[in-house]
There are 2 protein chains.
Amino acid sequence: MPEQSPGSRPTLEAVAARAGVSRATASRVVNGGDGVRKPLVDKVRAAVDELGYIPNHAARTLVTRRTGAVAVVIAEPEIRIFSDPFFSQQIRGISKELTAHDTQLVLLLVEGPGDFDRIARYLSGGHVDGALAFSLHTDDALPEITRRAGIPAVYGGRPSPTADPGDQAVPFVDADNRGGARLAVRLLKDLGRERIAHICGPPDQTSAMDRLDGYRDVLPDADPALIAEGAFTVESGARAMTELLERRPGLDAVFAANDLMASGALRVLRERGISVPEQVALVGFDDMDPVAKETDPPLTTINQDIEGQGRLMARLLLGALDRGRAGSGTTPASVITSTTLVRRASA
Amino acid sequence: MPEQSPGSRPTLEAVAARAGVSRATASRVVNGGDGVRKPLVDKVRAAVDELGYIPNHAARTLVTRRTGAVAVVIAEPEIRIFSDPFFSQQIRGISKELTAHDTQLVLLLVEGPGDFDRIARYLSGGHVDGALAFSLHTDDALPEITRRAGIPAVYGGRPSPTADPGDQAVPFVDADNRGGARLAVRLLKDLGRERIAHICGPPDQTSAMDRLDGYRDVLPDADPALIAEGAFTVESGARAMTELLERRPGLDAVFAANDLMASGALRVLRERGISVPEQVALVGFDDMDPVAKETDPPLTTINQDIEGQGRLMARLLLGALDRGRAGSGTTPASVITSTTLVRRASA
DNA sequence: CTGAAAGCGCTAACAG
DNA sequence: CTGTTAGCGCTTTCAG
């Protein structure tokens, strides 16, 4: 590929001239070459190589009305994203899938509440063909925004407490949080634990509430004082554990709604000289790398395939885009991915 | 803003018609409105609002040759990105700065060695006006690729051992790794430690080598057996610590080239019953959230403003783009950001 | 200060 | 199978 100085790139016109064909034929070859005779195809290909031709994306988009790009919108102004490998992994999965389909990833980070306007404008502006969105807090405006933008969107995580997988309006990919929580609590129960506490996540996140529901599925009559609320951070986990210990010193097991909180809880237990898992068994959620393996003792936790979820989100969206082009505008169906119990030393 | 169904968006033509002006005037208003009489400006603005007009980006790019987007290229196929908040923070900073200048962030993740071709094509394809790149391993092709793509680029981290801040060819933003390392080692020395070991990072990363140089600046005559190589991961830090302890059981301090390795080292020390900081003082690097604060004891370490670095990278690039438009194609100068010592309990 | 006209580079009917 | 012809929606001289 010859070096390019910007602003002087060869056009299709130039390629056509060099190959001795019309612009239309050159275009056909560049776009796959169906229905063009072999010798001409070769000539055009040669011209493309010699000239270092690269199609002008803007011109192509202008006529095809496809940008070949999708937005990834992350509505998380909090510091949490900084210490959360969750997004990195999910994005890695998305990126892999998009790349495999020659689609670009435009990252839209919400920096503050006023940003939703900007996002809305961008999504409606024909910059992208679709959107992949992470709407962590149920009160945020994202689902409404993508709906109004009139472009297909797939969510990472169930976007609202009322959304269900059958819902055609807001397709999403989510782990089986409730089922995973049941796995965790059932393990604790099978271990013979009788006072199983739960450190739940923030009530405005569906994943937190789903995990709480799973806990309640297994322990419908649990003492309410055995439930403490955290914020999915290490610190909040420590605080919740302290609270729990004050309220119910006799507890013999804890299910934390994520590994970060579990590690905070672990620290408090260690400080108090309470042995894990002997006196208190502990189970986390996420199987977060490297947290889960590196705590002392390593965490028994619930694994979910985060990168796979990202890939799946992208696949669903790309499918919708293809169908959109074909005219049959079906929204994709939501998918719930499975969770598995990973047994380590903490329970 | 009225709801949009895709493919039926109002054009500038429609706005002009509704406002009773020509397309040219409408365009002028949409782009700032200089040199248009007030009443007409208002009419056009009203029409824009009523119609919910949003400029077509592709059409605009086609004529202006500016995309309003920059690529962020991350050449890190390894798993490291998953557990490294470094990128998240850096990207957060970049995103803030770009957003403030109405510029979009296109994320390009390198998934494997074959991907560089794809990246090169994209960068040359007129999709973006410039690139922000992270080239962690000195042997990768990124600097060459951005150079040939003919678009301005700014690097995060010194891209090669030979690159220096005065070098006009490859502008970069990097922390003062060497100076930070000196800070760390000098502290240990001032504490009266006499056998100060170093766990260094991979030799193909300039940040690792710069930190090693800083160590050597303070301890030019250090016993080579006091230096062990890690890979910036927790596990590798643990391995290196084990090695060090075998070779020099009498060591009384360790400077680890990042917090992740420091935490691995800490685990090994704890397992051996070696008290920190009493028997062995430990200093990390990065002040990584939440690792540094959550270890037991919390890490004394070197802080760098990662988000600030990201912001700075974006600012340098945007400056170059503006100058590019003005015709005076100056490349930005590199910047080295300062590091500070954060004293906690491990040293 | 405003409008008319040209054209950015490409694809997609439509003829031939 | 290939070429000709129209635009896609916008900015930008250039006249008026």
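Below, chains carry the letters A, B, ... as their sequence lines are ordered, and counting in each starts from 1. All values derive from a computational prediction rather than experimental measurement.
- Looking only at distances, a side-chain donor or acceptor of Arg158(A) sits under 3.5 Å from a matching main-chain atom of Ala163(A).
- A residue-by-residue look at Arg28(A) and Val36(B) shows that Val36(B) has its nearest nucleotide of DNA chain C further toward the 5' end.
- One interatomic measurement links the two molecules: CZ of Arg65(B) to P of dC10(C), which rounds to 10 Å at whole-angstrom precision.
- Dashed line: the shortest gap from a side-chain N or O of Asn31(B) to OP1 or OP2 of dT11(D) is under 4.0 Å.
- Closest approach to the Leu40(A) side chain among dT2(D), dG9(D), dT5(D) is made by dT2(D) (side chain taken as heavy atoms from C-beta onward).
- Contact annotation: Thr25(A) reaches the phosphate of dG3(D) (side-chain N/O to OP1 or OP2, under 4.0 Å).
- Atom CD1 of Ile54(B) is separated from atom P of dG9(D) by 14 Å (rounded to the nearest Å).
- Between Ala24(B) and Ala58(A), the one whose closest nucleotide on DNA chain C sits nearer the 5' end is Ala24(B).
- Here Arg37(A) does not reach the OP1 or OP2 of dC1(D): none of its side-chain N or O atoms lies under 4.0 Å away.
- For the OP1/OP2 pair of dT11(D) and a distance below 4.0 Å, the side-chain nitrogens and oxygens of Ser27(B) include at least one atom meeting the criterion.
- Residues Pro171(B) and Ser334(B) come closest through the heavy atom pair CA-OG, 3.4 Å.
- Counting to the nearest Å, the C1' atom of dC1(D) and the NZ atom of Lys38(A) are 16 Å from each other.
- OP1 and OP2 of dG9(C) both lie 4.0 Å or more from every side-chain N or O belonging to Thr11(A).
- Counted by atom type alone, Asn56(A) and Arg65(B) present zero donor-acceptor pairs between their side chains at under 3.5 Å.
- When the options Thr103(A), Asp129(A), Thr61(A) are evaluated for a side chain to side chain donor-acceptor pair (under 3.5 Å) with Thr67(A), the one that passes is Asp129(A).
- Atoms CZ (Arg9(A)) and P (dC8(C)) sit 15 Å apart, rounded to a whole Å.
- The NE2-P distance, from His57(B) to dG9(D), rounds to 16 Å in whole Å.
- Listed nucleotides: dT11(C), dG9(C), dG7(C). Nearest to the side chain of Leu62(B): dG9(C).
- Contacts of Val30(A) with the nucleic acid, taken as non-hydrogen atoms under 4.0 Å apart, are absent.
- Residue Asn56(A) contributes atom CG, which lies 17 Å from atom P of dG9(D) at whole-angstrom precision.
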Carefully, step by step, assess Ser95(A) and Glu111(B) under the rule side chain to side chain donor-acceptor pair (under 3.5 Å). CA-CA 8 Å; Ser95(A) 164; Glu111(B) 313 291 356; 2.6 Å; yes

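- Regarding Leu12(A), its CG atom lies at a distance of 13 Å from the P atom of dC8(C), rounded to whole Å.
- Rounding to whole angstrom units, CD of residue Glu13(A) and C1' of dT11(C) are separated by 14 Å.
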